[in-house]
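For the numbers below, each heavy atom of this structure counts, side chains included, while hydrogens, waters and symmetry mates do not. Numbering of ligands and ligand atoms starts at 1, following listing order. These numbers come from a predicted model, not from an experiment.
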Amino acid sequence: MKSVFISLLLATSILLFGCQQDSKQVVVGFFGALTGPEATFGLSSRNGIMLAIEEINKSGGLLGKTVELKFYDTLGTNEEARNSIEKLISLDHVVAVLGEVASSRSLAGAPIAQKFQIPMITPSSTNPSVTQKGNYIFRVCFIDPFQGEVMAKFAYKSLNLRKAAILRDTQSEYSMGLADYFIKTFQGLGGTIVADEEYVAGDVVFESQLSKIKEKNPEFIFVPGYYAEAALVARQAREMGIKVPLMGGDGWDSGSLVEIAGYAINGSYFSNHYTLEDPRAEVQNFIKIYEARFGAKPDAQAASGYDAARILFEAIAKANSTSGPAIRDALAQTKNFKGVTGVISINENRDAIKSAVVLQVKGKEFKFVDSIDP
Ligand code: PHE
């Protein structure tokens, strides 16, 4: 008797809950590193996404419903990236997934989104193979062949440097790809790679790689990795008397870069998705609202998360449906969306074609140096 009652209760609550979710809410998922060595990536992009959700809910929601966010912490591991996206799709029944930031994590999660025909939009994974995982996988950022070219041209043409050393993370699709694309352009221009050294995320001692690099006398060191390791590389390089500038890509963008590296990273350069100094009204308004809400200036992941969420909402509104295939088709049509990280159009590979900026670390700030169009 009791068990019949309980199963009845369960059945009604599932029915009620299911209906409620269907009729009143549009549930969107996010997966990202909220803890661990890539924590600022997930925390910032989730903030940007939350801001976009609060804004749309204030202005009446989406398809007459409230937008709700479900999210999981990937801990910065591929396994948790897969688990997170599985849970979002099978337990939370999200209509679309935003994330991950790191390319390796997006590559791990994408096949699951593709299998279930749930659109996935990565705000800032730049490795080209991410969107090649299938026609449900999108990104709102540029890709690494472009980013590598930007930094190679900047080093060769703007700074007149000819001899580069590379220090890359062999476990990261992002780092390996960006290093290769950089080398291709830099050599094509006439530059030389005097050393190509390796590490693995989580390493804290870089002395042996740096001493090999020092022997070769490079004019700069390209470190296409994430902020935690790049910061330690900078510190140890300075301690070893290496004075040449370091350069990197978007993976450097974090308030923690300077916190960990201190003055050692001063003067170094990296490419990025946006700059706080962009005078466009979209950018300046976003910075003001974000700072008031979260008490910090938005980094590139915050801005990309915000853009990704708003592009998703626009697509859902256009599709006038929350079905995966309908949202997918609408996303593929995205044209000239005025985002914080630039004007975004999705091309036939589901990538965004847009400009990159080069920033220089000056004290605790990242100062705008150059903007490069595709
Ligand atoms: N582009 C990096 C990757 O693909 C992730 C990243 C984006 C990191 C933006 C910081 C800022 O792995």
Side-chain angles (χ1 to χ4, degrees), residues 30-34 36-49 74 76-78 81 98-110 120-133 137-151 168-182 200-201 223-231 247-258 260 270-276 297-308 339-342 344 350-352 354-359 361 366:
F30 168 72
F31 70 130
L34 302 171
E38 293 164 25
T40 70
F41 292 170
L43 294 169
S44 292
S45 39
R46 190 184 58 177
N47 282 351
I49 292 166
T74 65
T77 70
N78 293 349
L98 297 165
E100 232 258 13
V101 171
S103 289
S104 297
R105 260 47 95 198
S106 288
L107 283 164
M120 170 180 142
I121 310 172
T122 170
S124 47
S125 285
T126 44
N127 185 275
S129 46
V130 172
T131 47
Q132 289 160 13
K133 289 286 169 189
I137 316 301
F138 294 83
R139 81 178 103 220
V140 298
C141 55
F142 51 66
I143 55 175
D144 289 331
F146 173 62
Q147 188 171 201
E149 187 186 318
V150 163
M151 284 317 277
R168 55 166 115 188
D169 177 355
T170 53
Q171 299 288 298
S172 157
E173 307 271 353
Y174 160 74
S175 189
M176 292 301 281
L178 187 51
D180 288 341
Y181 300 121
F182 171 88
V200 173
V223 191
Y226 295 147
Y227 62 90
E229 288 83 15
M247 291 190 206
D250 57 346
W252 279 26
D253 186 29
S254 169
S256 300
L257 181 78
V258 178
I260 303 169
F270 66 100
S271 46
N272 207 357
H273 303 271
Y274 105 118
T275 164
L276 295 166
K297 290 240 179 350
D299 55 22
Q301 299 89 290
S304 312
Y306 182 76
D307 283 349
V340 173
T341 60
I344 299 169
R350 296 168 301 284
D351 300 327
K354 57 208 269 230
S355 19
V357 293
V358 176
L359 305 178
V361 183
F366 302 149

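Near S103, with a cut-off below 4.0 Å to any heavy atom, the atoms of ligand 1 are 3 (C), 4 (O), 12 (O). Taking every non-hydrogen atom of S125 and a distance limit under 4.0 Å, the qualifying atoms of ligand 1 come out as 4 (O). Heavy-atom contacts of A102 reach the following atoms of ligand 1: 12 (O) (cutoff under 4.0 Å).
Between the side chains of T131 and R139, at least one donor N or O sits under 3.5 Å from an acceptor N or O. Residues T122 and S125 have side chains that bring a donor and an acceptor to within less than 3.5 angstrom of each other. Between Q301 and S124, the side chains place no donor N or O within less than 3.5 Å of an acceptor N or O (distance only, hydrogens not considered). Side-chain atoms of N47 and Y306 include no donor-acceptor pair closer than 3.5 Å. Side-chain contact annotation: S254 with T40, donor-acceptor N/O pair under 3.5 Å present.
Residues M151 and V358 come closest through the heavy atom pair SD-CG2, 4.1 Å.
Looking at S124 against ligand 1, both its backbone and its side chain come within 4.0 Å, counting heavy atoms.
Any N or O atom pair closer than 3.5 Å counts here, and Q301 shares no such pair with ligand 1. For a threshold of 3.5 Å applied to N or O pairs, the pair formed by H273 and ligand 1 contains no separation below that value. Note: an N/O pair closer than 3.5 Å links Y226 and ligand 1 by distance alone. Close N/O approach between D250 and ligand 1 is found [any backbone or side-chain N/O within under 3.5 Å]. Taking any N or O of D253, backbone or side chain, none lies under 3.5 Å from an N or O belonging to ligand 1.
Compare D144, V101, T122 by their heavy atoms: the one nearest to atom 6 (C) of ligand 1 is in V101.
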Could you go through the side-chain contact (heavy atoms from CB on, under 4.5 Å) check for Y181 and F146 one step at a time?
-> CA-CA 8 Å; Y181 300 121; F146 173 62; over 6 Å; no
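Relative orientation of the Y227 and F41 rings is perpendicular, given thresholds of 30° and 60° on the angle between their planes.
With respect to atom 8 (C) of ligand 1, the closest heavy atom belonging to the protein is F41 CZ, 3.5 Å.
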